[in-house]
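So the structure is just underneath, and the comments pick up after that.
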Amino acid sequence: MTRIEAEQILKEHHQEHVMRGFDALSPEQQSGLLQQISDLNWKEIALAGSQDEFPCGELSPLGAVEIDEINRRKAEFDEAGYVAIRQGKVAALLLAGGMGTRLGLDKPKGELNVGIDRELYLFQCLINNLMDVTGEAGVSIPLYIMTSEKNNDETIRFFEEHNYFGYPREDVAFFVQEMAAAVDYEGKLLLEEPGRLATSPNGNGGWFSSLKKAGLLEDIHRRGVEWMNIFSVDNVLQRICDPTFIGATILSGKVGGSKVVRKVDAYEKMGVLCLEDGRPSVVEYYEMSKEMAEATDDRGELLYAFGVILNYLFRVDELERIVGKSLPVHVVEKKIPYITEDGTYVKPQEPNGYKFETLVVDMIRMMENNLPYEVVREKEFAPIKNLHGVDSLDTARELLTRNGVQL
Ligand code: UTP
């Protein structure tokens, strides 16, 4: 894109301020900025300030395969799961591209030390959890790690420094997700340094297209992987490539599965797996009416009872089928560091603008079916979103200790 073209398009969108100081930039900075301008997604930027659209279809409850049934059929599920793992049909995919702004670390979230008397990093806990399965199965499992432009080098350096926490490094592949521009509350593009637009990772929904762009789909095919277990970086207790979950999903004949926990009460702030026009869909807690949230069955149990915990299993052929289709864009309020007109760098303490994200959870709506699979919350759900309070380092430490993990 030429300077004139950039000026023109910025004028059309009332963003002329972006070119302020352009002449003082080095030729590299100038061409970098022109590239960023040409990559802008104006449709997305126009969404600044808008609310997510509520689900438009008709919602109805969706039960889960519950803990009692899982316990009863454990041997059968385990066997199917271990067979798939031993045949190399299962891969793990860690979503580690987020900024972890709520935690406020100046390094990748996975580098958080959850240990007290010893070092025990989030990344290390996840690898340990995965190695429980590979140890039992007697085979390694390919592990793909999605990072972002902002944390990729540091994440790789950290894994190298710690010798991949004992995981075979030839089975680990990193790839970088895409970025999206961020805007202030007036919808104006922010600069993070002279000649550079403020950008942030574009949400966890783009993981499969980013994986494909990075050329890793070939690796997946070459290895014969048929199922991918997607999980977040911050649930320190989660079971990864859990054979029972994998077996239950395969035997159900469905194209995917979601680990869910029973909500503590009708209003717990989590996305609930239900049906939307007969297809599986996750409805956020703020999208539910009071009647829906409180509705119970004849045993007095909540009808919309099962919340998702960002641990999904997807069939690879189904992922390939939906990969080009667009996911809804969510407008999220965030703290976005920026430079003022006079060049002062500001690191806000409160949200100051919007970023644009697609979410992995919206992939479920694009698929024919999905198996909600209940897990015991106290054993598998300890997300670390904050340092203290709800879903925090404090609560996760307590749960780890209760599960016998030495801190
Ligand atoms: P969160 O929704 O908790 O976002 O991510 P976050 O960026 O880590 O934290 P906050 O909201 O800024 O405090 C859930 C999972 O999705 C990954 C995160 O790394 C985490 O594992 N994620 C999130 C990505 O991989 N890319 C993204 O763009 C966003």
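Numbers here are sequence positions counted from 1. As the structure lists them, so they are numbered: ligands from 1, and atoms in each ligand from 1.
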Run the side-chain contact (heavy atoms from CB on, under 4.5 Å) test against V329 and tell me which residues pass, sequence neighbours left out. E44, L47, F356, T358
Taking the basic N atoms (NZ, or NE/NH1/NH2) and the acidic carboxylate oxygens, is any pair closer than 4.0 Å for E76 and R73? yes
How far is atom 22 (N) of ligand 1 from the closest protein heavy atom, and which atom is that? G98 N, 3.5 Å
Decide, yes or no, whether a salt bridge links E7 with K11 under the criterion of side-chain N to carboxylate O below 4.0 Å. no
Polar atom proximity, G100 to ligand 1 (N or O, under 3.5 Å): yes
Strictly below 4.0 Å, N to O, side chains only: are D362 and K325 in salt-bridge contact? no
Electrostatic pair E378-R402, nearest N-O below 4.0 angstrom: no
Which atoms of ligand 1 have any heavy atom of G97 under 4.0 Å away? 19 (O), 24 (C), 25 (O), 26 (N)
If you measure from the Lys or Arg side-chain nitrogens to the Asp or Glu carboxylate oxygens, is any gap between D78 and K74 under 4.0 Å? yes
So if I count the atoms of ligand 1 from 1 in the order they appear, which ones are less than 4.0 Å from some heavy atom of S232? 15 (C), 21 (O)
Give yes if a backbone or side-chain nitrogen or oxygen of Q177 is under 3.5 Å from a nitrogen or oxygen of ligand 1, and no if not. yes
Heavy-atom nearest neighbour in the protein, as seen from atom 2 (O) of ligand 1, with distance rounded to 0.1 Å: R102 NH2, 3.9 Å
Can we say R279 and E276 salt-bridge, meaning some charged N sits less than 4.0 Å from an Asp/Glu carboxylate O? no
Numbered in order shown, the ligand 1 atoms found under 4.0 Å of a heavy atom of L310 are 14 (C), 15 (C)
What do you reckon, is CD of E218 surrounded by more than 12 foreign heavy atoms closer than 6.0 Å? no
Not counting sequence neighbours, which residues clear ring pair (Phe, Tyr, Trp, His ring centres under 6.0 Å) with F123? List them please. F159
Could you tell me whether E66 and R262 have a side-chain N and a carboxylate O separated by less than 4.0 Å? yes
Give the residue, atom name and distance (to 0.1 Å) of the protein heavy atom nearest atom 28 (O) of ligand 1. G203 N, 2.8 Å
I need the nearest protein heavy-atom contact for atom 5 (O) of ligand 1: residue, atom name and distance, please. K385 NZ, 4.2 Å
What's the shortest distance from atom 7 (O) of ligand 1 to any protein heavy atom, and which residue and atom give it? M99 N, 2.9 Å
Say whether, by atom type as modelled, one donor and one acceptor occur between the side chain of R315 and the main chain of E226 under 3.5 angstrom. no
Numbered in order shown, the ligand 1 atoms found under 4.0 Å of a heavy atom of K109 are 8 (O)
Atom 12 (O) of ligand 1 sits nearest the protein heavy atom T101 OG1, 2.5 Å
Identify the protein heavy atom lying closest to atom 21 (O) of ligand 1, giving its residue, its atom name and the separation to 0.1 Å. L95 O, 2.6 Å
Which bit of P201 gets closer than 4.0 Å to ligand 1, counting heavy atoms only: side chain, backbone, both or neither? both
Pull out every atom of ligand 1 sitting under 4.0 Å from any heavy atom of K334, numbered as shown with elements. 10 (P), 11 (O), 12 (O)
Which ligand 1 atoms, with their elements, are less than 4.0 angstrom from a heavy-atom of M146? 25 (O)
In this structure, atom 16 (O) of ligand 1 is nearest to the protein heavy atom N204 ND2, 3.0 Å
